[in-house]
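Report on the structure given below.
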Amino acid sequence: MKELTYVRADDAASAVATVSADPHARFLGGGTNLVDHLKLGVATPSTLVDVSRLPLDTVEVLEGDRGGLRIGANVRNSDLAAHPVVRSTFPALSRSLLAGASGQIRNQATTGGNLLQRTRCVYFQDVTTQCNKREPGSGCSALEGYGRYNAILGTSADCVATHPSDMAVGLAALDADVVVLGPDGERRVPLADLHRLPGHHPEDDTTLAHGELITAVELRGSELTRHSTYYKARDRASYAFALVSVAGALELDGDVVRDVRIAWGGVAHKPWRATVAEQALRGEVYSEDAVRAAAAEELRAAETGDDNAFKVAMVRNATALVMHQLASKQQHPQQGGTR
């Protein structure tokens, strides 16, 4: 057993200082991912700095922001999914949270920890195999191995793993900002810029510097965010990671797409914001054919193998389904529909 030092942080600044001073130190939040990796030998930190008791566990409604929110990094996934403003103003976030893990894990998992969870690639979690993300330069077993969950967008010769978070995909479609505290003070990072594509350094999951601590996530409410939802396709009905997932937001002006947001999960090393598809749809008359054509344009860059080629059609179909649900509610409000 590898010995490690456990420190319970008294405040965020001291937590940042402790981790920044030790290149092998890690923050500990809900622990639903990191503790598993300690058991598997995937993570071997010298020091764990427990930030789970810091006063970062509230959801604050922002003044004058049409239901905007500041979500503390220690807010539990279950509490966030059930928050009335999240359910009414950011339904894509609520649904993405409820699609993740089990009820027990959602009761423990935190907002900040969810964003920083690591891939569930079977080779990353098996220390007997080659994995550039776990051991840079060792190789990527997934390239020639089991590939059903492999990425199809933004991959590299060094890594084809996918990001596992449902919540992060929902936040990507809602233009969230991540509030980060580091040795030099606080800064804000757009959610779309938080996670990295693998390139030649798949060991780096995010753009955060060592020692930077996520303290909050901020959202701005709008008519667009109110018309949002999340859909997840998976191998079984619960407690399974996404084969593909779609977070979407759609605002129509009559039959014309006034604005749209689309984010995909299960297809890339990070939540994939489908900006090409969004641009193709804005200002156009809404139709299922238009959505499918826009998704196909985004997917031109997809690279697949025999095991994961199905993801191209699956994510295109899931995108069409999500947009149909959102459009139907606006075009036929008297019939109700998905919120």
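A donor atom on one side chain and an acceptor atom on the other are not found under 3.5 Å apart for S245 and Y231. In this structure, a donor-acceptor pair under 3.5 Å is absent between the side chains of D307 and N150. Counted by atom type alone, E298 and W264 present zero donor-acceptor pairs between their side chains at under 3.5 Å. Side-chain atoms of N74 and T110 form no donor-acceptor pair, as typed in the model, at a separation below 3.5 Å. For T111 and N114, the side-chain atoms include no donor-acceptor pair closer than 3.5 Å.
Taking 4.5 Å as the limit, some side-chain heavy atom of L69 sits within range of a side-chain heavy atom of V61. Between D175 and L191 the shortest side-chain heavy-atom distance does not fall below 4.5 Å. Between R106 and L98 there is a side-chain heavy-atom pair separated by less than 4.5 Å. Within the 4.5 Å cutoff, the side chain of L115 has heavy atoms near those of the I214 side chain. Residues L194 and L208 form a side-chain contact, since some pair of their non-hydrogen atoms from C-beta on lies under 4.5 Å apart. Side-chain atoms of H269 and T162, non-hydrogen and from C-beta on, never get closer than 4.5 Å to each other.
Within 6.0 Å of CZ in R26 there are 12 or fewer heavy atoms belonging to other residues, nucleotides or ligands. Annotation: H200, atom NE2; neighbour count of heavy atoms from other residues, nucleotides and ligands within 6.0 Å does not exceed 12. Heavy-atom contacts from other residues, nucleotides or ligands closer than 6.0 Å to CG of D306 number 12 or fewer. Residue F310 qualifies as enclosed at atom CZ: its count of foreign heavy atoms under 6.0 Å is above 12. Heavy atoms from other residues, nucleotides or ligands lying under 6.0 Å from CD of Q331 number more than 12.
Residue L326 holds its CG atom at 13.0 Å from CZ of R261, rounded to the nearest 0.5 Å. Atom NE2 of H227 sits about 8.5 Å away from atom CG of L250, to the nearest 0.5 Å. Here NE2 of H163 is found 13.5 Å from SG of C121. Values are rounded to the nearest 0.5 Å. Here CG of L28 is found 4.5 Å from CG of D50. Values are rounded to the nearest 0.5 Å.
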Evaluate the criterion salt bridge (Lys or Arg N to Asp or Glu O under 4.0 Å) for residue pair K232 and D166; output intermediate values, then yes/no.
CA-CA 8 Å; K232 179 178 182 177; D166 293 288; 2.9 Å; yes

Begin with the C-alpha distance, continue with both residues' side-chain angles, and end with the deciding distance and a verdict on side chain to side chain contact (heavy atoms under 4.5 Å, CB included) for Q279 and E297.
CA-CA 10 Å; Q279 186 60 35; E297 189 66 24; over 6 Å; no

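Checked against the 6.0 Å centroid criterion, the rings of H37 and F124 qualify as a close aromatic pair.
Cluster annotation: V169 is not connected to V291 through the hydrophobic network of ILVMFWY side chains, with a link wherever side-chain heavy atoms come within less than 4.5 Å. One hydrophobic cluster, built from ILVMFWY side chains closer than 4.5 Å, cannot hold both L34 and V19; they sit in different ones. Hydrophobic clustering places W272 together with V312 (ILVMFWY residues linked when any side-chain heavy atoms are closer than 4.5 Å, directly or through intermediates). Residues L243 and I262 are members of one and the same hydrophobic cluster, defined by side-chain heavy-atom contacts under 4.5 angstrom among Ile, Leu, Val, Met, Phe, Trp and Tyr.
The main-chain N or O of G30 is found under 3.5 Å from a side-chain atom of Q108 such that the two form a donor-acceptor pair. Using a distance-only test at 3.5 Å, with no hydrogens or angles considered, no donor-acceptor pair links the side chain of K133 to the main chain of H201. The backbone N or O of P183 sits nowhere less than 3.5 Å from a side-chain atom of S20 that would complete a donor-acceptor pair. Under the 3.5 Å distance criterion, the side-chain polar atoms of R292 are left unmatched by any main-chain donor or acceptor of A295. Although no hydrogens or angles enter the test, the distance criterion places no donor-acceptor pair under 3.5 Å between the side chain of Q325 and the main chain of V322. The main-chain N or O of A280 is never found under 3.5 Å from a side-chain atom of E284 such that the two would form a donor-acceptor pair. A donor-acceptor contact shorter than 3.5 Å links the side chain of N132 to the backbone of G139.
A cation-pi contact, defined as under 6.0 Å to the ring centre and within 45° of the axis, is absent between R134 and Y123.
The two atoms that bring A172 and A263 nearest to each other are CB-CB, 3.9 Å, heavy atoms only.
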